[in-house]
Participant: 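Have a look at this one before I ask anything.
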Amino acid sequence: MLTKDEITAKAQECGFGTLGVTTADPFLSQQKILRERAKEYQWASRSGLDLMAGTDPKNILPDARSILVLMEVYFKESYPSVLERHFGRCYLDDDRVTKDRLAKRIKAFRSFLRDQGLQSQVPFHLPHRLAAARAGLGTFGKNCLFYSNQLVGRGSWVLPIAVVVNREFEPDEPTLTVGCPEWCRNTCLVACPTGALKGPRHIDPYQCISYLTYFGQGLTPRELREPMGLWVYGCDHCQNVCPRNLPWLAKGLPVNLKVAAMVEDFGLEKLLHMDAPYFNTRVWPHMFYMSDKELWRWKMNVARAMGNSLDDRYVPDLARAWGENQDERVLGMLAWALGRIGGREARKALNEVRNKSEGLVLEEILAALDNG
Ligand code: SF4
Ligand code: SF4
């Protein structure tokens, strides 16, 4: 009979830091949260994710008996700072499309289970962080993230992966607590630039930069443009300011060479001018929440980041992008970015397009000329 020690040894052989076990009982506290905050989770059902169904492992595997939680570290190696300032770290080495790294290791682990006569499922919609806490692998942060109790200096740079199986194993002691020190005084809540953290472990996803960068609708509201800063896809701010993450951030980690090779393709200028073939071959395989139908959002985010850089070397690119785009959401942000950078060349570029523009775009140009 397969033992927990043998499963743990296999998980480690497959490259996972730790493994914990919890029961296949429903996640009742999550059901309560989903009911109470229904409006805040509407985005999930719009994306085809039935989070309520994911709270009962038996909806995933009818004969579910245990959940094995694998702990993956996504920040083992360092990333170039030029990428870290624009992209969330968890997306930089994501292989959910290329399936050449993590996906292969999950497959190897599941093949092992299958060879031992176990059925398994790795669902997207199960509350993975809650499963990890129930499996005793760490505690919560007030920023809604999960902190390992063993890995990455007990930090939050981990991805719990819940594997539902049809055999019962002895569950680990749950660690369902918030592990933040009193003296921190809610640093993340105060530091969140868009005010998305409403209280300990309570996020309004619609105000979170991560959500806004890949699912935000329409031209980004003016009051959010400066707070969203340099982020183009995702946001790590509430993790970067967290004292629980300092030990790992202080480490001298080896460079992730695969990600370092992406620097040129992910330069802001390249992203601002990219076309669909460029996006589909160089960008989408790494960051896939938006399709090539949503290039407008990529370009709007890039233009906003360029504007917030206050770097006038971007003015010629912002001006050139005018001739490459018709979407008013992109044009509106190009105007805003030129106004934010300001100066003679930016004003010249705005004046050149002023008489050819109308409606929302003209409004943005006039507001930008007032600023710049
Ligand atoms: S990811 Fe960014 S925007 Fe979202 S809660 Fe954290 S700091 Fe706020
Ligand atoms: S910043 Fe402070 S309150 Fe927020 S998660 Fe970190 S330790 Fe907790």
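Every value quoted in this text rests on a predicted model; they were computed, and no experiment measured them.
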Participant: Does atom CZ of F124 have more than 12 heavy-atom neighbours from other groups under 6.0 Å away?
Facilitator: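 Result for CZ/F124: open.
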Participant: Classify the angle between the aromatic ring planes of F288 and W284 as parallel (below 30°), tilted (30 to 60°) or perpendicular (above 60°).
Facilitator: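 Because their plane-to-plane angle is over 60°, the rings of F288 and W284 count as perpendicular.
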Participant: Under 6.0 Å between ring centres, would you say that holds for Y147 and F140?
Facilitator: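 Not close enough - the centres of the two rings lie 6.0 Å or further apart.
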Participant: Between R347 and E352, is there a side-chain N and carboxylate O pair less than 4.0 Å apart?
Facilitator: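 Looking at E352 together with R347, the answer is no, because their closest N to O distance does not fall below 4.0 Å.
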Participant: With a 4.5 Å cut-off on side-chain heavy atoms, are S156 and R244 touching?
Facilitator: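 Sidechains of S156 and R244: no contact.
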Participant: Assess the residue pair E269 and R313 against the criterion (salt bridge (charged side-chain N to carboxylate O under 4.0 Å, His left out)); give the C-alpha distance rounded to whole Å, side-chain angles, the decisive distance to 0.1 Å, and a yes or no.
Facilitator: CA-CA 10 Å; E269 298 94 329; R313 87 187 144 106; 3.4 Å; yes
Participant: Just checking Y211 against F215, ring centres under 6.0 Å apart?
Facilitator: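 Yes, the ring of Y211 comes within the 6.0 Å limit of the ring of F215, centre to centre.
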Participant: Quick one: do I60 and V21 end up in the same hydrophobic cluster if we chain Ile, Leu, Val, Met, Phe, Trp and Tyr together by side-chain heavy atoms under 4.5 Å apart?
Facilitator: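 Hydrophobic grouping puts I60 with V21.
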Participant: Could you give all pairs that pass the salt bridge (Lys or Arg N to Asp or Glu O under 4.0 Å) test and reach residues 65-74, with sequence neighbours left out?
Facilitator: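 For residues 65-74, and leaving out neighbouring residues, the salt bridge (Lys or Arg N to Asp or Glu O under 4.0 Å) pairs sorted by first residue read R65-E168, E72-K76, E72-R105.
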Participant: Looking at D93 and K258, is any side-chain nitrogen of the basic one under 4.0 Å from a carboxylate oxygen of the acidic one?
Facilitator: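 Yes.
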Participant: Can K10 and E6 be counted as an ion pair, charged N to O under 4.0 angstrom?
Facilitator: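 Salt bridge absent between K10 and E6.
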Participant: Determine whether the aromatic ring centres of F87 and W231 lie less than 6.0 Å apart.
Facilitator: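 No, too far apart.
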Participant: Quick one: do E364 and R225 make a salt bridge, cutoff under 4.0 Å?
Facilitator: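 Between R225 and E364 there is a salt bridge, with a charged N closer than 4.0 Å to a carboxylate O.
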Participant: Look at K4 together with E170 and state whether they make a salt bridge at an N to O cut-off of under 4.0 Å.
Facilitator: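 E170 and K4: not salt-bridged.
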Participant: Between R101 and D95, is the closest basic N to carboxylate O distance under 4.0 Å?
Facilitator: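 No salt bridge links D95 with R101.
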Participant: Could you tell me whether D56 and K58 make a salt bridge, using a distance below 4.0 angstrom between a side-chain N and a carboxylate O?
Facilitator: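 The answer is no: the pair does not qualify as a salt bridge.
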